[in-house]
Amino acid sequence: RDLGPDDASTDSAELRDAEASDLGTAEPGRRLAAIDARVVARAPDVATALAGPGVPASDDGLLGRNRAWGALFSARFQLGAGLALRLALAFDRTDVAARAFRAIEVGALSVEEDGRLPSRVPEELAMGRQPTRADVASGAAFFLSDACPALLVLEAHPSRDLVAAEPRREAVSDALGRTLPWLLGEAEVLVAADGRTPNRLLHDAVAYAACAAIRPEEGALAAATRFTDLATERYDARGFYVEAGGPDTNYQAVNVYVAADRLALSPASPTLGTQLEAALAWMVSRTSADGRVDSTGNARSCEGCEVFLPGDPPKQLGVAAWARALAYGGATAMDDDAFAALERFAAWVETATDTSCFVRDEGDMLVPFDPASCE
């Protein structure tokens, strides 16, 4: 699904050349689109790769585990469609954007009348345990933090009607807007569940801020500020966000790219902006000369031995997450070092190694981490 690096539109080129000071007065959709356009301009091949997983292979619009399981089990597993829609628009590929919109639509139309976004997993995997109230709320926030920014970008794009007719866009916006009162009612549940994981707090913040920009809801922007502040409190002065007690390369990447979206939605956040620049520098320092990432001491992935669902292997460094963070962090902070690190990392990815987890041995050499040591 090559989007074609040479297909960027004139509108995208104009946004790409915008000065950062100009973005502060632009509406959120145009600010997000400007960052997307910068990423496409600096790293078109990476942008194409990042968009791929969010473009459904069939008209049912299912992605990820929903696709693998053959039905919509959770909108949370539609994550990535929003990014794909944004990048397709930056490339001016409305045909690809239309397919990504379909994936968002499928997730959005699962919203129940009371605004709840339900989640479940197949019984054979659940082993008697379905998602908890906190799991459902957090999963909804993940989906909304991807979908609502994309809808803002879509509405700011001159070719939006070629992506989806206005009635379909309105139906999706209305559905996502119904989630806000429900998600606000789950705020304390999210604080309790996500308090030790700043990347989740930032996802929550983006969900509140972006969806409120689509359908204003009293208290939503205050919630976005609250969750942003809680995330910034989990920052360590050495340059990383503390995830479950320590640094983690995988979740550092997630923190950086979600923070970039949060800043585009509300650019007047100096604390988060300063932290993003330092967190990005930490990532650059962890990207070796040959492009491998040093994941020594990870608190959750790699050495942290965390799994997502029972039966899953231990989490590795998310290749897409690391690339997206360097690209979007670099585009937000205008950081050439981040794009240089992205080039090194992209070159390493081409080697198709079996693992993305590398740790330092006794001789201070980077070696592959053996997930068998987690057993």
Side-chain angles (χ1 to χ4, degrees), residues 39 42-43 45-47 49-50 52-53 80 196-200 234-260 275-309 311-330 333 335-375:
V39 169
R42 294 293 301 269
D45 292 338
V46 169
L50 289 174
R196 296 183 69 239
T197 52
N199 86 86
R200 289 191 173 201
R234 301 292 301 173
Y235 173 78
D236 187 285
R238 287 171 288 182
F240 58 83
Y241 285 93
V242 179
E243 291 274 345
D248 189 280
T249 49
N250 180 61
Y251 288 99
Q252 176 85 342
V254 179
N255 276 299
V256 167
Y257 74 69
V258 182
Q275 289 181 0
L276 179 142
E277 291 179 3
L280 188 61
W282 187 90
M283 289 183 61
V284 170
S285 74
R286 287 289 186 114
T287 308
S288 65
D290 64 3
R292 292 177 298 170
V293 175
D294 182 357
S295 295
T296 305
N298 274 13
R300 297 182 61 186
S301 62
C302 300
E303 287 186 306
C305 297
E306 185 175 283
V307 299
F308 179 59
L309 290 176
D312 283 355
K315 293 178 182 178
Q316 295 193 25
L317 168 74
V319 170
W322 196 261
R324 181 176 175 180
L326 290 173
Y328 273 83
D335 189 331
D336 289 337
D337 289 342
F339 282 104
L342 178 59
E343 289 181 6
R344 299 197 303 273
F345 181 66
W348 169 78
V349 170
E350 291 296 323
T351 66
T353 183
D354 291 334
T355 182
S356 59
C357 291
F358 292 89
V359 296
R360 296 202 171 271
D361 63 11
E362 293 180 357
D364 201 36
M365 299 291 292
L366 276 180
V367 297
F369 174 71
D370 182 4
S373 63
C374 291
E375 297 175 357

- Message: Show the nearest heavy-atom pair for residues S295 and S356, with the distance to one decimal.
- Response: OG-O, 4.4 Å
- Item | Nearest non-hydrogen partners of A323 and V46, listed with the distance | CB-CG1, 4.1 Å
- Message: Walk me through whether Y328 and V39 qualify under side chain to side chain contact (heavy atoms under 4.5 Å, CB included).
- Response: CA-CA 6 Å; Y328 273 83; V39 169; 3.8 Å; yes
- Message: Strictly below 4.0 Å, N to O, side chains only: are R42 and D335 in salt-bridge contact?
- Response: no
- Query: For the side chain of N250 and the backbone of G318, is there at least one donor-acceptor N/O pair under 3.5 Å apart?
  - Reply: yes
- Message: Quick check for you: to the nearest 0.5 Å, what is the distance between L366 atom CG and D290 atom CG?
- Response: 7.5 Å
- Task: Any chance you could measure D45, atom CG, to E350, atom CD, to the nearest 0.5 Å?
- Result: 8.5 Å
- Task: List the atom of E303, the atom of T296, and the distance in Å for their closest heavy-atom pair.
- Result: OE1-C, 3.4 Å
- Query: Any chance CZ of R360 has more than 12 other-residue heavy atoms, nucleotides or ligands included, within less than 6.0 Å?
  - Reply: yes
- Give the minimum heavy-atom separation between L280 and A333, together with the two atoms involved. CD2-CB, 4.3 Å
- Taken to the nearest 0.5 Å, the spacing of Y257 OH from L276 CG works out to 13.5 Å
- Query: Has the side chain of D236 got a donor or acceptor atom that lies under 3.5 Å from a matching backbone atom of F240?
  - Reply: no
- Message: Any non-hydrogen side-chain atom of L317 less than 4.5 Å from a side-chain atom of R286?
- Response: no
- Task: Begin with the C-alpha distance, continue with both residues' side-chain angles, and end with the deciding distance and a verdict on side chain to side chain contact (heavy atoms under 4.5 Å, CB included) for S301 and F369.
- Result: CA-CA 11 Å; S301 62; F369 174 71; over 6 Å; no
- State which residues pass ring-ring contact (aromatic ring centres under 6.0 Å, His included) with F358; sequence neighbours excluded, sorted by chain then number. W348
- Locate the shortest heavy-atom distance separating W282 from P247; write the atom from each residue and the value. CZ2-CB, 4.0 Å
- Would you mind telling me which of N298, T249, N255 makes a side chain to side chain donor-acceptor pair (under 3.5 Å) with E243? N255
- Task: Kindly give the heavy-atom pair with the smallest separation between A253 and A321, and that separation in Å.
- Result: CB-O, 3.5 Å
- Going through the distances and angles, do D248 and K315 end up as a side chain to side chain contact (heavy atoms under 4.5 Å, CB included)? CA-CA 11 Å; D248 189 280; K315 293 178 182 178; over 6 Å; no
- What distance do C357 atom SG and D294 atom CG have between them, rounded to the nearest 0.5 Å? 11.0 Å
In a table with atom names and distances, give each donor-acceptor pair under 3.5 Å that connects a side chain of residues 339-346 to protein atoms at least two apart or in another chain.
| unit_1 | atom_1 | unit_2 | atom_2 | d |
| --- | --- | --- | --- | --- |
| R344 | NE | S288 | O | 3.0 |
| R344 | NH2 | T287 | O | 2.9 |

- Starting at CE of M283, measure out to CD of Q252 and round the result to the nearest 0.5 Å. 7.0 Å
- CZ (R200) and CZ (R234) are apart, to the nearest 0.5 Å, by 13.5 Å
- Message: Does D361, at its CG atom, have more than 12 non-hydrogen atoms belonging to other residues, nucleotides or ligands within less than 6.0 Å?
- Response: yes
